[in-house]
Amino acid sequence: MKRYVTKAICGLVAAVMVLSVMTVGVFAADLAPASTLPDDHFLMYVSDIFYISSRGLVLTGKVENGTLDLNDKIVISSYDSENSVGLDNEVTVLGIDKGHKTLESATKGDEIGILIGNPFGDEAETRKGPIQRGDAVQKIDNEVISAQKNKLTGVLKVYTKEEGGRHTPFFKGYKPTFSYTGIDFHTFELASIGDAELVMPGDSLTAEFVPVSRSVVVFKGQTFNLVEGGRTVGVFTVDSAADYVLPSFTVNELTPPDGKNALDKEAECSIDGITVSSVKYLNGDDKEVSSAAPGETVAVEVNIAVSPAAAFTIDEESTVPKWNGQAAKKAYNDNKHYLLKTGTDAYSCRFSYTIPEIPLTEISIEDLTPPDGKSAPDTAASTSTEGVSIEGVSYSVTAPAPGDTVTVYIIVKLGAGYTLDRTAVKAVWNGAACEKAYTGNTEYFYPVGSDLYQCQFTYTIPNPTHEHVWASEWASDAGYHWHECTAAGCTVAENSEKDAYAAHDFDEWVEYKAPTETDKGEQRKTCATCGYILYGEIPELGHVHHGVKHEAVAATCNAAGNIEYYSCTGCSQYFADEACTEQVTWEQTRVPATGEHTWGEWIVTKEATETEEGSRQRVCSVCSTVDVEVLPVVAPAPSTITLKSGDEKLIVVEGGKTVITAKPYTVEELKAAIANPATEYTLTKADGSAFADGESVGTGAVITLNDAEKTVFTFILMGDVDGSGKVDATDARLVLRAAAKLDTLDDVKSKAADVNGDGKIDATDARIVLRVSAKLETIDAVPEAYAK
């Protein structure tokens, strides 16, 4: 951001930042709760893990508390709930190094390396085991701190922009990285800020954080840095830690059976620390089944185990498992719980699932050899379509002769769990699809029994071989042309089966007799291939309108007019256009009288005074109607006041009875600034109480004139929103919340907050008030928008 400030302001800002950083140190010392760690409790966080050939693993870090001796027994508590080493897994300290020196013991503040040998073997892939940066090292004879309790409650301090922190506020759901002694742990989410709606830079308040996916070993009094974008924007001091209750989790990779009998039992969970121990399928009697038919509904029971080192706890009523887009059923303990506890860290949840039926898309019929000039039709047929079998084949003619067209009837049977859409699914045989022959010619299959359906095909028994001799001349009808066979004994009767059968390729219509208003015309078009001529009629033209224009006539206050329109001389119809294409009614051409008079100037017939009403009149120049109006009694001039102090002009807004100034006043200074009171007056606070001597006059103060109307003026000091008589950080916060739509200000406070006079309260007003409160800027004058 460009900063256009003087060297003096730069020096002032630098001084403020130094003072702010000093203040942060004071905060951490003043507000941090006392540590719960005894002096002899050893704690070190792992900053790095090294493997030294022939020696083993070395864990480096800084001793946060207590002492460590050679040959002590330690445990390493991983902050990854899935890969925890475990609190009961002892590791022996084989060596302690500090700066290339071997030590017998290490104390608080020492930067050391701890040699633990090869507890996980010396294979390159596994020798570091599950240990990670940020794991906690503790002695086994201490009361080991668990990593499970990780909903952290404590005091949150947010740095201001001058302290190197954020420029803007943040809300619940904010996710910074926690850092401690240079070690970045994991992302934590701001879960609660009490009754506050947002956290402003500079705030200090009680807050709760929960981990996004991992936990960390913490102790009371421990202070974490909040890191965002590589910079520290605040600190959080732990006061207490509690278990994090898991709201829900998702079961993955349990593929719903799709019309299959075998039920899938492979599944896992989306949350680290929860494992799926088994999957069962139950029938309506809660008996386990290993297979189910399509269309059958089963209960899917998923049994889970929660790792003891998991970073959360489970509530049987509120934690909701999910699978395949549905939540678990409340099926246990009188329908109250989503989960049933079945043992230590073991639970069971249940879902309903209906095995879907398999829809058929096409039925292929095979091994049915068409009769070829034979009288015995073939009835042996099969199908390669899964879930379908051929139950029978018959013909409409038992002994067809060559050239006969017969209907082939085929009966199919559906297997269990298969469905058939009779209007969409087709059977295919011999390259042809079955016909729509039943129930109003809308279905391909007709039911003839339980899961039995009949389809049909049309087949023509072929004639013995015939050599066609096609004529060169074209034969034709109105739609098609073809060549006839001239050889004797040709049995082809259908034109569509003859040589070069095709639709005519006509050219454009040609008019050879023009139509008139009363007689039809004639036209023709010719096939470019065979010369066939198709004749057609051209409709008569009908009546042709001839329009006569009628000029528009304007309507007056007491006489109707008309729009511009046309009338046909032949049919007496009316049109809006000269071409007579847009017909209108007679009423639509009319323009009613306006009823609006054309008034002349007002002429005063009697002047009004402060005690008597007057009158004036005007006359319509069209119809001579006279309009008379009463003039009200003249009111006396309104009471006003003017303020002045030296050469600074102070603004009085008469319409709103408001006195607006940019200069702060004491009560004595304001009374001296009232230069011309119309009458005597009183000056009180907004609540009606009197001012003390020397007290500042703030926004909301009231000046009441002792005139007949008891005229009241409200005093407004630009930037003073809370009415304290000065512009400070409280006013800046009120303007910022109003700009963020978190609070609503009344009209008086809104005028005080709108310091730039643009008619709205936004970040520009908040920035000006904040700089004025920090003495970096002054409000020199009332905005022009408020000037009288």
Side-chain angles (χ1 to χ4, degrees), residues 1 17-18 20-33 35 43-49 60-65 77-81 109 111 131-137 145 147 149-193 196 198-241 244 272 311:
M1 180 186 292
M17 292 179 66
V18 171
S20 300
V21 173
M22 293 172 63
T23 303
V24 172
V26 172
F27 164 82
D30 290 346
L31 298 184
S35 172
L43 176 64
M44 182 190 87
Y45 292 108
V46 176
S47 62
D48 215 335
I49 308 106
T60 66
K62 178 182 177 182
V63 179
E64 304 297 335
N65 197 74
S77 300
S78 173
Y79 67 91
D80 187 323
S81 61
E111 297 276 357
I131 303 176
Q132 302 182 48
R133 177 180 172 88
D135 289 356
V137 180
I145 304 174
K149 298 183 180 298
N150 58 0
K151 181 176 74 174
L152 308 181
T153 302
V155 180
L156 171 64
K157 164 67 179 179
V158 183
Y159 296 165
T160 63
K161 178 178 69 174
E162 291 74 17
E163 294 168 336
R166 292 172 56 90
H167 299 201
T168 57
F170 56 85
F171 306 83
K172 286 190 294 184
Y174 174 60
K175 296 179 181 179
T177 299
F178 272 27
S179 177
Y180 182 71
T181 64
I183 300 175
D184 290 343
F185 288 101
H186 201 64
T187 303
F188 274 66
E189 179 177 348
L190 180 59
S192 173
I193 48 178
L198 75 169
V199 181
M200 297 287 296
D203 278 353
S204 60
L205 69 168
T206 299
E208 288 184 354
F209 282 91
V210 297
V212 173
S213 63
R214 294 177 174 176
S215 58
V216 60
V217 171
V218 298
F219 57 86
K220 183 176 182 180
Q222 187 174 12
T223 298
F224 290 95
N225 289 329
L226 274 66
V227 179
E228 175 189 322
R231 59 174 178 165
T232 300
V233 298
V235 292
F236 177 73
T237 303
V238 178
D239 184 50
S240 64
Y244 173 56
D272 291 341

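Shortest non-hydrogen contact noted between Ala136 and Leu43 is CB-CD1, 4.0 Å. Closest heavy-atom contact between Thr232 and Tyr159: O-CD1, 3.7 Å. Closest non-hydrogen pair, Thr160 versus Gly202, comes out as CG2-CA, 3.4 Å. Closest approach of Leu156 and Val199 over heavy atoms only: CD2-CG1, 4.5 Å. Between Ala207 and Ile193, the shortest heavy-atom distance links the atoms CB-CG2, 4.4 Å.
To the nearest 0.5 Å, atom CD of residue Glu64 and atom CE of residue Met44 are 9.0 Å apart. Atoms CD1 and CD, from Ile49 and Gln132 in turn, are 7.5 Å apart once rounded to the nearest 0.5 Å. Rounded to the nearest 0.5 Å, atoms NE2 (His167) and CD (Glu162) are 8.5 Å apart. Considering CZ of Phe236 and CG of Asn225, their distance stands at 12.5 Å, rounded to 0.5 Å.
A centroid separation of 6.0 Å or more is found between the aromatic rings of Phe209 and Phe224.
Under the 3.5 Å distance criterion, the side-chain polar atoms of Thr153 are left unmatched by any main-chain donor or acceptor of Asp239.
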Name every donor-acceptor pair, under 3.5 Å, that has one atom in a side chain of residues 169-176 and the other anywhere in the protein, sequence neighbours excluded.
residue: Tyr174; atom: OH; partner: Glu228; partner atom: OE1; Å: 2.4

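Partners of Asp48 according to the salt bridge (Lys or Arg N to Asp or Glu O under 4.0 Å) rule, which considers only residues two or more places apart in sequence or in another chain, do not exist here.
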